[in-house]
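Letters A, B, ... are given to chains in the order of the sequence lines, protein chains preceding strands, and every chain is numbered from 1.
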There are 2 protein chains.
Amino acid sequence: MSIFWSSTAAALTPYVPGEQPAEGSMIKLNTNENPYPPSPVVLEAIRRAVDGNLRLYPDPNASRLTAAIAARFALTPGEVFVGNGSDEILAFAFQAFFDRDQPVLFPDVTYSFYSVYANLFNLPFTTVPLDGQFRILPADYQRPNSGIILPNPNAPTAIGLPLRQIRELLEGNAGHVVIVDEAYIDFGGESAVPLIAEYPNLLVIHTLSKSRSLAGLRVGYALGQPELIEGLNRVKNSFNSYTLDRLALVGAEASFMDEAYTRSNITRIVQTRENTRSALERLGFSVTDSEANFLFVSHPAMPAPVIFRKLREQGILVRYFDKPRIDDYLRITVGTDTEMAALLKAMVEILPDTDSL
Amino acid sequence: MSIFWSSTAAALTPYVPGEQPAEGSMIKLNTNENPYPPSPVVLEAIRRAVDGNLRLYPDPNASRLTAAIAARFALTPGEVFVGNGSDEILAFAFQAFFDRDQPVLFPDVTYSFYSVYANLFNLPFTTVPLDGQFRILPADYQRPNSGIILPNPNAPTAIGLPLRQIRELLEGNAGHVVIVDEAYIDFGGESAVPLIAEYPNLLVIHTLSKSRSLAGLRVGYALGQPELIEGLNRVKNSFNSYTLDRLALVGAEASFMDEAYTRSNITRIVQTRENTRSALERLGFSVTDSEANFLFVSHPAMPAPVIFRKLREQGILVRYFDKPRIDDYLRITVGTDTEMAALLKAMVEILPDTDSL
């Protein structure tokens, strides 16, 4: 504590991201990064932009990137907002759309940054429990609110919500914004983007950090009707005129010029995920149905924090959340086949009474 | 307006940055960019970092960059905070240090983003008038406040505040944070950084956008005692874990490895500024004493908006603020000698009764 902190700063409990160990020192399966590098088209576009023009401010409206994203989703540029990672967009969205008169609703087990944003902006919130199988039940969100936010697929459970249930949420909350955080949608879920024309209260948020292998470039985007995009721009332009640097702008734009590369990596990751899932189940793990690039697992014979620690000793980093309902689970990013083989080998050594795969 | 906007979003009047015309289409003297490219050391460091590791998140603590900045100013890493441009740091600082019980104080003529931040975070503010010569008088800030913020040199006036007056502000407001926004300090002012050890309520904010020619990379930093830096980190880590991408981190770090290059550009810009100032005065302009990389000028024979428009017609972009007290002034960025010659030539053509320099 400090006498110089505002009452807001003093009351915060900041988000803690997954550990970033020195590069190459560990098998890193803890922050859901893509195991494959970004497209060569992206790297080449960035290299070409490393020049004297870095002395100039970037385009504050990110016009070229916005146009590329709009074209990709058959939307207009006025239906696209870009930000410094989807986290920044989420923060802007909390400010732009949620108010203090009613609570923001989100699942009890979900991305743990949501409650942090609510606290930062002094917004009340209510968590809505997932059911016993970690499923979101739209009927539970039929209560007074100033907005709803949820990831699809949910994190860290990896479980997706069918489009008809997203519709149910949108129709049940027509007067308030429903934010669908689709960070992992490319790995198997049903995107709500086709619903944008129909629902003025729908905001969909995507990131380039997962399926597009660009976590290091910090780019995300939001899609929705122009009124919502304008709301985000009002907040952004009251916070920072230039949130994306010149290199992030050109790199992100180039990513949309090489969709085949992204699709091919997604196919590989989904294949690896399914193979890993079967192998983990053979080792006795329970594994949720994953539509993401990670697996959410639990083992009846060994507590999750013990497995976490033993994996770490073997140089494998996964994610453990010491939180109610999920404190016996691990979230494991789907890496390369080689990384997954190393994970499974380590599991065999760690787990009791397991002779082989 | 939209029924979906929060009361906060609905009440905003966002900041409007200077125009960014298509590159090369105009002589651009409107956003105080550096006319010289970034150091070759910076460009080379960025090029080397454009690789497959962009798939990985950046270091959320920016440890290497923070250490480089600390070394440059003989501070500890705990006394350094880095952000996505100094604008982002200013936004975090408003949240971290200012409260609703008393107004934030800043000059009536100053960086126009300050009032925008205050509105975004629902913080009351009072503007303190500059004197008739556009000077900040520290005695005027001896009134109840929840903090003080001011640029040194001030913008858009370009006038610097001597260090003894910064001391006066710090001592008169020992219970609240005084933020000195030194975006332009490298062009001639007296930096308050040496006062950090003495005053726990001092936060100094710098940018790489001006003297370091990196407006396109979006990097700024704040210097202060660890308590203040921790306050900024609490807000930042409740907003976005990774505000600087991997390329901005390495480029900024490299900038501190080539101080000679930056110093040499500053010398050139100051020389050009003084030559331009004399030439403008010979044309009848009144020009404030500039310690920045821009000139703040007014002409008795022609209103500033008219000069602005006529310059624009000749392909020269300067900055005009249609605001009380400064609506007959122009802010002109100091460019290269060639750009300044073009400016002066245009002025001769535009102004009445001016035969030559």
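A distance-only check finds no donor-acceptor pair linking the side chain of Asp87(B) to the backbone of Tyr242(A) [under 3.5 Å]. Between the Glu33(B) side chain and the Tyr57(A) main chain, a donor and an acceptor come within less than 3.5 Å of each other. No side-chain donor-acceptor contact under 3.5 Å links Asn240(B) to the backbone of Gly85(A). Not a single donor-acceptor pair under 3.5 Å links the side chain of Asp245(B) to the backbone N or O of Arg218(A).
Ranked by heavy-atom pairs under 4.5 Å with chain A, the first of Gly147(B), Pro35(B), Gly175(B), Ala91(B) is Pro35(B). Ranked by non-hydrogen atom pairs under 4.5 Å with chain A, the options Asp51(B), Ile3(B), Thr8(B) are led by Asp51(B). Heavy-atom pairs under 4.5 Å with chain B were tallied for Leu43(A), Thr31(A), Val116(A); the largest tally goes to Leu43(A). Contact count versus chain A (heavy atoms, under 4.5 Å) is highest, among Pro14(B), Ser238(B), Pro58(B), for Ser238(B). For the set Arg47(A), Arg55(A), Lys236(A), the entry with the most heavy-atom pairs within less than 4.5 Å of chain B is Arg55(A). Annotation: maximal heavy-atom pairing with chain A below 4.5 Å, among Ala215(B), Ala9(B), Ser86(B), Pro37(B), occurs at Ala215(B). The residue among Val219(A), Asn201(A), Asp59(A) with the most heavy atom pairs within less than 4.5 Å of chain B is Asn201(A). The candidate from Phe113(A), Phe98(A), Tyr15(A) with the greatest count of non-hydrogen atom pairs under 4.5 Å with chain B is Phe113(A). Counting heavy-atom pairs under 4.5 Å between each of Ala96(B), Pro17(B), Gly52(B), Gly231(B) and chain A puts Ala96(B) at the top. Chain B forms the most heavy-atom pairs under 4.5 Å with one residue out of Pro60(A), Ala248(A), Pro200(A), and that residue is Pro200(A).
Heavy atoms of Ala10(A) lying under 4.5 Å from chain B belong exclusively to its backbone. With a 4.5 Å cut-off on non-hydrogen atoms, Glu230(B) touches chain A through its backbone and its side chain both. Heavy atoms closer than 4.5 Å to chain A are found nowhere in Ala118(B), neither backbone nor side chain. Of the atoms belonging to Ala45(B), not a single heavy atom falls under 4.5 Å from chain A. Within the 4.5 angstrom heavy-atom criterion, no atom of Ser146(B) approaches chain A. Only the backbone of Ala174(A) comes within less than 4.5 Å of a heavy atom in chain B; its side chain stays farther off. Contacts between Glu227(B) and chain A at a heavy-atom distance below 4.5 Å involve backbone atoms as well as side-chain atoms. Neither the backbone nor the side chain of Ala93(A) comes within contact range of chain B; no heavy atoms are under 4.5 Å apart. Only the backbone of Leu244(B) comes within contact range of chain A, with at least one heavy atom under 4.5 Å from a heavy atom of that chain. Interface residue Arg100(A): only side-chain heavy atoms are found under 4.5 Å from chain B. Within the 4.5 angstrom heavy-atom criterion, atoms from both the backbone and the side chain of Glu88(A) approach chain B.
Taking OG from Ser213(A) and CG from Asn53(B), the interatomic distance works out to 12.0 Å, rounded to the nearest 0.5 Å. Atom CG in Leu56(B) sits 10.0 Å away from atom CG in Asn34(A) (nearest 0.5 Å). A distance of 11.0 Å separates CG of Leu120(A) from CG of Asn237(B), quoted to the nearest 0.5 Å. For the atom pair CG (Leu247(B)) and CG (Leu247(A)), the distance works out to 5.5 Å, reported to the nearest 0.5 Å.
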**Message:** Quick one, Leu54(B) with Ile46(A), criterion side chain to side chain contact (heavy atoms under 4.5 Å, CB included). Give me CA distance, side-chain angles, the key distance, then yes/no.
**Reply:** CA-CA 11 Å; Leu54(B) 281 173; Ile46(A) 297 175; 3.9 Å; yes
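Closest non-hydrogen pair, Arg234(A) versus Ala11(B), comes out as NH2-C, 4.3 Å.
Note: Phe239(B) and Phe121(A) have perpendicular aromatic rings, judged against thresholds of 30 and 60 degrees for the angle between ring planes.
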